[in-house]
Amino acid sequence: MSELHLRQSTLPASGPATISVFASPTSWIESDAHTQCRQVAALDGMIHVAAMPDLHPGKGAPIGAAMTSRLLYPFLVGSDIGCGIAVFPIRLKRPVPEKLAARFPDLDRPLHPEHDPDDPAWTVVTGEIPAGHVEGLGTVGRGNHFVELARIGAVLDPAHAGRLGLAAGDLVLVVHTGSRGLGERILREHTERHGAGPAPDPGAYLARHDEAVRWGALNRRLLAARVAYALGGAPTEPIVDQCHNLVEVRDGSYLHRKGAAPGDGRDVLIAGTRGTPSYLVAAHAGPEANYSVAHGAGRKMSRADALRRGRAKHTVEELRRTPVGSLVVCGDRQLLFEEAPGAYKRIEQVIGDLVEHRMATPIATTVPLVTYKTADLAVGSRRDERRRRGRR
DNA sequence: ATGTAC
């Protein structure tokens with residue numbers, strides 16, 4: 001009887017490539033995303049498209065998919081090469097969201113080796129900066145990127161959580177960001193010459209891609225260190241750090257992941273939203289899933305729809321103070337609406353689909369306390385006011 | 001998701 005649960009829906013593919021969708025029939029997936037999966041499956045050299053339960057339409061290619069091919073297609077990774085989610089343990093004395101939100105540093109302001117040589121966050125940089133790319137280091141970016149202080153909520157696999165050094169109530173920093181301008185430049189330089197076509201010299205693309213992947217991982221460590229110092233903690237090694245936009249050579253073909261995390265025996269944080277928990281899972285996805293799992297709740301609405309509907313439904317204050325009691329640092333009203341929890345699918349449904357298809361086992365949830373999206377104008381003006389009054 | 005142009 002479990003056989004039924006193991007089977008995933010299959011979309012008719014126009015070419016020889018196969019498509020598997022790992023979502024239960026009750027999980028709503030926008031039809032444009034299915035269309036994009038068929039378009040990808042029809043590309044020259046495609047072997048198999050695995051769609052995750054957080055599948056949604058992207059720019060040209062679906063987001064939430066793992067795609068194998070005999071040719072390397074840079075656009076199937078996208079511009080944010082190396083984007084991923086890392087989890088860093090942190091110890092703080094009294095985690096009061098209101099106080100900590102005001103202490104988050106400006107993560108839109110880059111750290112520059114020459115302009116900020118004394119910033120303590122540099123201690124996490126031990127080797128060379130990948131590609132020698134110093135622009136934008138230590139910045140979080142926009143869109144769905146964030147840095148979040150969270151506490152471990154439900155512990156669903158105590159033994160596994162224990163091996164990671166986690167117990168209920170512990171604090172972590174969750175960092176979701178990528179390679180900023182570097183990955184964007186790498187894709188643009190390919191697209192200017194070859195459009196959506198495959199890389200004529202896969203090795204040359206892969207060399208630059210690998211640098212962007214390393215840059216993304218370094219950026220997540222820098223961000224965690226910046227925030228840890230600002231909140232009165234200390235930098236730590238990540239206990240989880242998986243990249244969900246990348247390509248790897250596997251079994252002689254190219255496995256492209258776009259909004260899909262490596263799922264072959266690794267621990268992954270699957271992001272919820274800025275008002276719901278996220279799930280730390282042990283991923284064990286097989287070949288049908290292209291060894292991948294979902295990377296987050298997945299957008300339910302386009303940014304335009306979320307903005308339009310959010311404005312009618314929510315006040316800014318509702319979105320800055322979430323249903324789980326956390327605070328969202330975001331001085332950009334539009335981004336606040338675009339990233340509202342209601343613009344995303346229910347994370348429990350996404351995790352449920354992964355569990356049903358035996359692709360992942362939940363370890364623990366992380367519950368947001370403070371999520372940083374972009375500099376809060378109110379905080380800046382309060383600081384200025386204090387300075388004017390001479391209270392340092 | 002991005003830097004940059006409108």
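Being a predicted model, the structure only gives us computed values, none of them experimental. In what follows, every chain begins at residue 1, and chains take the letters A, B, ... in the order their sequences are listed.
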Which residue pairs pass the salt bridge (Lys or Arg N to Asp or Glu O under 4.0 Å) test with at least one member in [range], sequence neighbours excluded?
{"range": "residues 234-251 of chain A", "result": "A:Arg220-A:Asp241, A:Arg221-A:Glu237, A:Glu248-A:Arg250, A:Glu248-A:Arg257, A:Arg250-A:Asp264"}
{"range": "residues 167-193 of chain A", "result": "A:Glu184-A:Arg188, A:Glu189-A:Arg208"}
{"range": "residues 118-131 of chain A", "result": "none"}

A:Thr322 meets the side chain to side chain donor-acceptor pair (under 3.5 Å) criterion, sequence neighbours left out, with A:Ser326
N/O to N/O distances under 3.5 Å, protein versus nucleotides 1-3 of chain B:
{"residue": "B:dA1", "atom": "OP1", "partner": "A:Asn144", "partner atom": "N", "Å": "3.2"}
{"residue": "B:dA1", "atom": "OP1", "partner": "A:Asn144", "partner atom": "OD1", "Å": "2.1"}
{"residue": "B:dA1", "atom": "OP1", "partner": "A:Asn144", "partner atom": "ND2", "Å": "2.8"}
{"residue": "B:dA1", "atom": "OP2", "partner": "A:Arg303", "partner atom": "NH2", "Å": "3.0"}
{"residue": "B:dA1", "atom": "N6", "partner": "A:Lys59", "partner atom": "NZ", "Å": "3.0"}
{"residue": "B:dA1", "atom": "N1", "partner": "A:Lys59", "partner atom": "NZ", "Å": "3.4"}
{"residue": "B:dA1", "atom": "N3", "partner": "A:Ser79", "partner atom": "OG", "Å": "3.2"}
{"residue": "B:dT2", "atom": "OP1", "partner": "A:His145", "partner atom": "ND1", "Å": "3.4"}
{"residue": "B:dT2", "atom": "OP1", "partner": "A:Arg180", "partner atom": "NH1", "Å": "2.8"}
{"residue": "B:dT2", "atom": "OP2", "partner": "A:Arg142", "partner atom": "N", "Å": "2.7"}
{"residue": "B:dT2", "atom": "OP2", "partner": "A:Arg142", "partner atom": "O", "Å": "3.4"}
{"residue": "B:dT2", "atom": "O5'", "partner": "A:Arg180", "partner atom": "NH1", "Å": "3.4"}

Who pairs with A:His314 by side-chain contact (heavy atoms from CB on, under 4.5 Å), at least two apart in sequence or on another chain?
A:Glu318, A:Leu319, A:Phe337
Please identify each residue that fulfils side-chain contact (heavy atoms from CB on, under 4.5 Å) with A:Glu98, with sequence neighbours left out.
A:Val96, A:Arg321, A:Leu327
Could you list by number each residue of residues 206-221 of chain A showing a heavy-atom separation from DNA chain B of less than 4.0 Å, or answer none if no residue does?
none
Taken in chain and number order and not counting sequence neighbours, the residues that satisfy ring-ring contact (aromatic ring centres under 6.0 Å, His included) with A:His145 are A:His176
